[in-house]
Amino acid sequence: MADIAKAEDLLFRRTGLDRTRVQSIVDDALNGTDDGELFLEYRQSEAFSWDDGRLKAASFDTSQGFGLRAVSGEATGYAHASDMSEAAMKRAASAVKAVKAGHSGTYAEPPKGTNRAQYGEFNPLDEVSFTDKVKLLEQIDAYARAKDPRVRQVSASLMNSWQVVEVVRAGGLRIPDIRPLVRVSISVVVEQGDRQETGSYGAGGRTFYSDYVRPEVWRADVDEALRQAFVNLASEPAPAGEMQVVLGPGWPGILLHEAIGHGLEGDFNRKGTSAFSKLMGQRVAAKGVTVVDDGTISGRRGALTVDDEGTPAQRTTLIEDGILVGYMQDRMNARLTGNKPTGNGRRQDYSHMPLPRMTNTIMTSGDRDPKEIIASVKDGVYAVSFGGGQVDIVSGKFVFTCTEAYRITNGKVGPSIKGATLIGNGPDVLTRVAMIGNDSELDPGIGTCGKQGQGVPVGVGQPTMLINGLTVGGTASAKGPRGAKKAKAPSEVLSIGR
């Protein structure tokens, strides 16, 4: 770990702001409020896109700005600007002061400090030259096409950002942080006869390009995208109906994220709009089900040193052995409900207010061998990968689209299937968990979560898991007493995707 003192003043050095005068503005704006902060941000980002055998787009962007928030009771005043100047901050202070009209609050205790930083000052954008990044994409394209003559199209992208933030609170507390983020994505289209199918794979995290540009790494990523494409090329129509479903480890944790995770965020539960509201201490899942949100896993896409309010990231147990024991809290919802912040106050950038959001949401391992789980299924579906999902927080209904799935018959994995969707209800689905594997793993670092128009990087994970009686939407009839069943998808309220 890097000492957090190395990040101190980095943003002020880059912007030329005077720390003493900025602190005076913050102290004046937040006097008499219950909480609030100045969020300063400097960001560099780049993106490269390769398609149709050539570089399609390359972009580089530098942005900076601030967001000033004042909180009085349940009311929030927020002003932001890309003009990183004292004059703009004074105008913002005048605007947010309106929220405390007629209110006299006691400024909340600050976050507990930390003397460590997950990531140092090194900027991964500077690690690999422009020429070498383009060459990497060209090599990915050539390698994929050389692997099989059925490859018709190769798309690849590199995305990288380097974010420097600092949270400034009234009274002089300053909390800086540095956040690198890298992602590589590969997609291939294969053709056989009159049929075309797609396979994709991606990886990323809060690390450097060097972790992904080594030939043995990117070639393995291409091989995985090709494998999925050829699996889909041989797929059959998906069954439809209520049946047993085995979820694979890692990325299928998006079901956990959507169906369960959003419903355990503090704002929905404070307002009573979550399907999990008022269920604290009650059984919401089968025995053996333990779910945590962990922002401390260094290098992972959802990992942070501190959240966007300055609260140190932590590991929060949400469900323990099937019992609901915790919610994810930002500062405001924690204060209003008499709880402690859990390091989940996150925002997309300086122009957005923080909200309670997930970091890396994971179901921990059970004690069953994954082979034993599959062998127990007489007639069902084995879902290995998803393209994304949606959930309706109020009802708990969710829907997920499978990008790789197989039919299970008499305990054996059979042919791949296409067009399968998993449909269910969050509070109900975890009660149907029958077996939990001993192989919990994290996704490869591809998730972006959307909420109230804000996207933030997240991680998901889980072990192999058997769910009894989950609705599968497909094109073929399923055997069973309930027969084929057409399920209605929920409204898209919140979503996670690649």
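Atom set for the values below is all heavy atoms of this structure, side chains included, hydrogens, waters and symmetry mates excluded. Along the sequence shown, the residues carry numbers beginning at 1.
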Who are the salt bridge (charged side-chain N to carboxylate O under 4.0 Å, His left out) partners of [X], not counting sequence neighbours?
X	answer
K278	none
D367	none
D34	R335
E236	none

Qualifying side chain to side chain donor-acceptor pair (under 3.5 Å) pairs, either residue in residues 413-428, two or more places apart: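 Only E197-K418, D428-R432 qualify under side chain to side chain donor-acceptor pair (under 3.5 Å).
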Could you list the residues that satisfy ring pair (Phe, Tyr, Trp, His ring centres under 6.0 Å) with F48, not counting sequence neighbours? F130
K56, NZ atom: more than 12 neighbouring heavy atoms under 6.0 Å: yes
Between T361 and D293, does any side-chain donor sit less than 3.5 Å from a side-chain acceptor?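 Looking only at side-chain atoms, D293 and T361 do form a donor-acceptor pair, the distance falling under 3.5 Å.
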Any donor-acceptor N or O pair under 3.5 Å, side chains D307, N344: no
Partners passing side chain to side chain contact (heavy atoms under 4.5 Å, CB included) against V151 (at least two apart in sequence or in another chain):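 Checked V151 against side chain to side chain contact (heavy atoms under 4.5 Å, CB included); matches are R145, D148, V154, V190, L226.
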Residues in side-chain hydrogen bond (donor to acceptor under 3.5 Å, both in side chains) contact with [X], at least two apart in sequence or another chain:
X	answer
E37	R69, R347
Y406	E404
D443	none
Q44	Y42, N123

What salt bridge (Lys or Arg N to Asp or Glu O under 4.0 Å) pairs are there with at least one residue in residues 311-320, not counting sequence neighbours? D294-R315
